[in-house]
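Okay, so here's the structure we're looking at.
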Number of protein chains: 2
Amino acid sequence: MHSYTEENYLKALFNLANEKGEVSANELSKRLEIKMPTVNSMMKKLAEKKLVHYESYKPLRLTDKGKKEAGLIIRKHRLTEMFLVQVMEFGWEQVHEIAEQMEHLHAPDFFEKMDAMLGYPTIDPHGSPIPDKSGKISWKQYDKLSDCKAGDTVKLSAVINGTDDFFKFLNSRGLQLGVKIKIKSIEVFDKSMHVSYLKKANETLSHTVTERLLVEME
Amino acid sequence: MHSYTEENYLKALFNLANEKGEVSANELSKRLEIKMPTVNSMMKKLAEKKLVHYESYKPLRLTDKGKKEAGLIIRKHRLTEMFLVQVMEFGWEQVHEIAEQMEHLHAPDFFEKMDAMLGYPTIDPHGSPIPDKSGKISWKQYDKLSDCKAGDTVKLSAVINGTDDFFKFLNSRGLQLGVKIKIKSIEVFDKSMHVSYLKKANETLSHTVTERLLVEME
DNA sequence: CTAATAAGTTAGAATAATCTAACAAAATAT
DNA sequence: ATATTTTGTTAGATTATTCTAACTTATTAG
Ligand SMILES: [Mn+2]
Ligand SMILES: [Mn+2]
Ligand SMILES: [Mn+2]
Ligand SMILES: [Mn+2]
C-alpha cells in the first residue's frame with residue numbers, strides 16, 4: 001500500500017498532467033508546496049515502485065499503474081464530495097477539504113456503499129468526472145464560458161479552480177450546475193460578459209469568472 | 001495538533017485506564033503491538049506535551065488534557081460507527097475498522113453534521129457511551145450477564161471485547177441490543193447459561209459469551 | 001531473603017519525509 | 001554565442017516513528 005504522502009504526489013501528478021500535459025518537477029513542487037529536492041527524491045522512490053517514469057532532466061510521467069492508482073484516489077475524493085453534498089447536505093464549497101482527507105481511507109466497502117447510495121454518479125458536485133472502479137476517467141467536451149460568443153445559450157456544467165470564495169460568489173449569484181445562461185453581449189475592453197439566467201435579466205460576469213465556468217452548448 | 005500516531009497512543013491509554021485502572025507500559029505495548037522502548041519514548045514525548053504524567057517505573061496516567069483529547073477521538077470513533085450503522089446501513093460488525101481510520105479526520109463540521117443527523121446519540125452501535133463535546137464520558141451502570149442469577153430478566157445493553165467473529169455469532173443467534181433475556185438456569189460446571197429471549201425458548205450461552213454481554217436489570 | 005523473572009529504560013540504528021546549501025544542466029535573453 | 005536565469009540534482013542534516021540489544025529496577029518464587 002502507498003502512504004498518505006505518496007498518494008498526494010500521485011494525485012498531483014495526475015491532475016497536473018491533465019491540466020498542462022507534461023509535468024515538471026518544478027510545477028509539482030509548487031503545487032504540493034514541497035521543495036524541489038524533496039520532490040526529486042520522491043520521484044525516484046515512486047519510479048522504484050513503478051508508478052512514475054523518471055529520467056534525469058526529463059518531464060515526469062505517471063506509468064499506467066500510477067495513473068490507475070491516482071484515478072482511484074480521485075475516485076474516492078469525488079465520491080466523498082458527492083456523498084457530502086447529496087446525503088449530508090453540505091454546500092459544494094464545503095466539501096473539498098474534508099474529501100482531501102477522506103480520499104486516503106482504506107475502506108473499499110465504505111466507498112462501495114457511498115457509490116450505491118448515490119446511484120453510481122459520474123460527476124462530482126463541481127461537475128468533474130468521477131473515475132470508474134478501474135481508475136479511468138471519461139472526459140466530457142466542455143467549453144469555457146469565456147470562449148463563447150454573444151447570442152450563445154449554454155448550460156453551466158462544471159467549475160474549475162473552484163476555491164471557497166469562488167463558490168460563495170457563485171452561490172450569491174444563484175449560479176448552480178445545470179443553470180441555462182444566455183450571453184447577451186461581451187465587453188471588448190475587459191471581456192466581461194452580460195448574461196441572463198433564471199430570473200436574472202442582466203448580470204455581469206468578469207473574465208476571471210467566465211474563464212472558470214465550463215459549459216455545454218445548447 | 002497531534003499526529004495519527006499520538007492519537008492512537010492516547011486512545012489506547014484511555015481505554016486501558018477504563019478497563020484496568022492503572023496502565024503499565026507493558027500493557028500499552030501489547031495493546032498497540034509496539035515494542036516497549038518505542039512506547040517508553042512516546043510516553044516521554046506525550047509528557048512533554050502535558051498529555052501524560054510520566055515518572056520512571058511508575059504506572060502511566062493521562063493528564064486531564066490527555067483524557068479530554070482521548071475522549072474527543074473516541075467521540076469521533078463512536079459517532080462514526082453510529083453513522084455507518086444508522087445512515088449507511090452497515091452491520092455492527094463492519095464498522096469498527098472504518099471508524100478506526102475516520103476517528104483521525106480533522107473535520108469538525110463533518111462530525112457535527114453526523115451528530116445532528118443521528119439526533120445527538122449517547123451510545124454507539126455496540127452500546128458504548130459516546131463522549132460529549134468536551135470529551136467527557138458518562139458511564140452507565142451495567143452488569144455482566146455472567147454475574148446475573150437464574151430467574152433474572154435483563155435487557156442486553158452493550159457488548160464488550162466485540163470482535164468481528166463475536167458479532168457474527170450474536171447475529172446468528174438473533175441477539176441485538178435491547179433484547180430481553182430471561183435466565184432459566186446456570187450450569188455450575190462451566191457457568192454456561194440456559195436462557196430464553198424473543199421467540200427462542202431455550203438457548204445456551206457459554207461463559208465466554210455471557211462475560212462479554214452487558215445487561216441492565218429489569 | 002536471595003535468585004530468577006518480568007518490566008522498564010537507555011543506547012544506537014533504520015526508514016520515511018522533509019529541509020537548506022551547493023552544484024549542474026537546460027532554457028532564455030541579450 | 002555567451003551570459004544569465006531557471007530548473008533539476010546531490011549532499012548533508014533534521015524530525016518522527018520504529019526497531020534490537022543491552023542494561024537496570026521491580027516483582028515474584030522458593
Ligand atoms: Mn475536490
Ligand atoms: Mn489528500
Ligand atoms: Mn469501535
Ligand atoms: Mn485509529
Side-chain angles (χ1 to χ4, degrees), chain A residues 1-14 16-17 19-62 66 69-70 73 100-101 103-106, chain B residues 1-13 15-17 19-62 66 69-70 73 100-101 103-106:
Chain A
M1 209 23 54
H2 314 127
S3 69
Y4 183 110
T5 304
E6 290 169 332
E7 289 188 350
N8 281 336
Y9 278 92
L10 288 176
K11 197 164 59 104
L13 278 163
F14 188 97
L16 281 170
E19 289 164 27
K20 315 220 183 188
E22 296 201 322
V23 184
S24 68
N26 200 239
E27 280 159 346
L28 186 56
S29 165
K30 282 173 188 150
R31 175 65 59 97
L32 291 168
E33 299 182 270
I34 288 172
K35 295 287 182 293
M36 291 264 290
T38 309
V39 169
N40 187 263
S41 29
M42 182 57 85
M43 288 308 102
K44 288 176 172 173
K45 184 175 162 197
L46 293 181
E48 287 286 313
K49 293 192 172 193
K50 306 289 183 201
L51 294 163
V52 165
H53 294 294
Y54 174 83
E55 289 177 273
S56 291
Y57 300 104
K58 295 259 173 67
L60 300 163
R61 286 179 307 118
L62 284 172
E69 298 294 331
I73 298 159
E100 202 61 46
Q101 296 178 61
E103 70 193 359
H104 303 292
L105 297 174
H106 299 301
Chain B
M1 210 23 51
H2 315 127
S3 68
Y4 183 110
T5 305
E6 290 168 333
E7 289 187 350
N8 281 336
Y9 279 92
L10 289 176
K11 196 163 60 104
L13 279 163
N15 285 329
L16 280 169
E19 289 164 27
K20 315 221 181 188
E22 297 201 321
V23 184
S24 67
N26 199 238
E27 279 159 346
L28 186 55
S29 164
K30 282 172 188 150
R31 176 64 59 97
L32 291 168
E33 299 182 272
I34 288 171
K35 297 286 182 291
M36 291 264 291
T38 308
V39 169
N40 187 263
S41 29
M42 182 57 86
M43 289 308 101
K44 288 175 173 175
K45 184 175 162 195
L46 293 182
E48 287 287 313
K49 293 192 172 193
K50 306 288 184 202
L51 294 163
V52 165
H53 293 294
Y54 174 82
E55 289 177 273
S56 291
Y57 300 104
K58 295 261 172 65
L60 299 164
R61 286 178 308 117
L62 284 172
E69 298 293 332
I73 298 158
E100 201 61 45
Q101 297 177 60
E103 70 194 0
H104 304 292
L105 297 175
H106 299 300

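Whole-Å rounding puts the E6(B) CD to dA16(D) P distance at 8 Å. The OH-C1' distance, from Y9(A) to dA16(C), rounds to 11 Å in whole Å. As rounded to whole Å, 17 Å separates atom P of dT7(D) from atom CE of M43(A). Rounded to a whole Å, the CD atom of E22(A) is 14 Å from the P atom of dT7(D). With rounding to whole Å, I34(B) atom CD1 is found 16 Å from dA16(D) atom P. The NZ-P distance, from K35(B) to dT15(C), rounds to 17 Å in whole Å.
Within 4.0 Å of Y4(A), counting heavy atoms only, lies no atom of the nucleic acid at all. Base contact: T38(B) has a heavy atom under 4.0 Å from a base atom.
Separation of atoms CG (N15(B)) and CG (L10(B)) is listed at 11.0 Å; rounding is to 0.5 Å. Summarising the geometry, atom CD belonging to Q101(A) is positioned 9.5 Å from atom CD belonging to E103(A); distances are rounded to the nearest 0.5 Å.
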For a quick test of your reading: what N or O donor-acceptor pairs under 3.5 Å do the side chains of residues 20-35 of chain A make, sequence neighbours left out?
unit_1 : atom_1 : unit_2 : atom_2 : d
S24(A) : OG     : E27(A) : N      : 3.1
S24(A) : OG     : E27(A) : OE1    : 3.4
N26(A) : OD1    : K30(A) : NZ     : 2.9
E27(A) : OE1    : S24(A) : N      : 3.2
S29(A) : OG     : I34(A) : O      : 2.6
R31(A) : NH1    : E19(A) : OE2    : 3.4
R31(A) : NH2    : E19(A) : OE1    : 2.7

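Counted within 6.0 Å of NZ on K49(A), heavy atoms from surrounding residues, nucleotides or ligands total more than 12; the atom is thus considered enclosed.
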I need a per-nucleotide contact map over nucleotides 6-12 of chain C, read 5' to 3'. Cutoff is protein heavy atoms under 4.0 Å; write B for the base, S for backbone only, - otherwise. -SBBBB-

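Applying side-chain hydrogen bond (donor to acceptor under 3.5 Å, both in side chains) to K11(B) and the options E69(B), H104(B), E6(B), E100(B) leaves one that passes, E100(B).
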I would like to know whether M42(B) and T5(B) meet side chain to side chain contact (heavy atoms under 4.5 Å, CB included); could you show each step before the answer? CA-CA 10 Å; M42(B) 182 57 86; T5(B) 305; 3.9 Å; yes

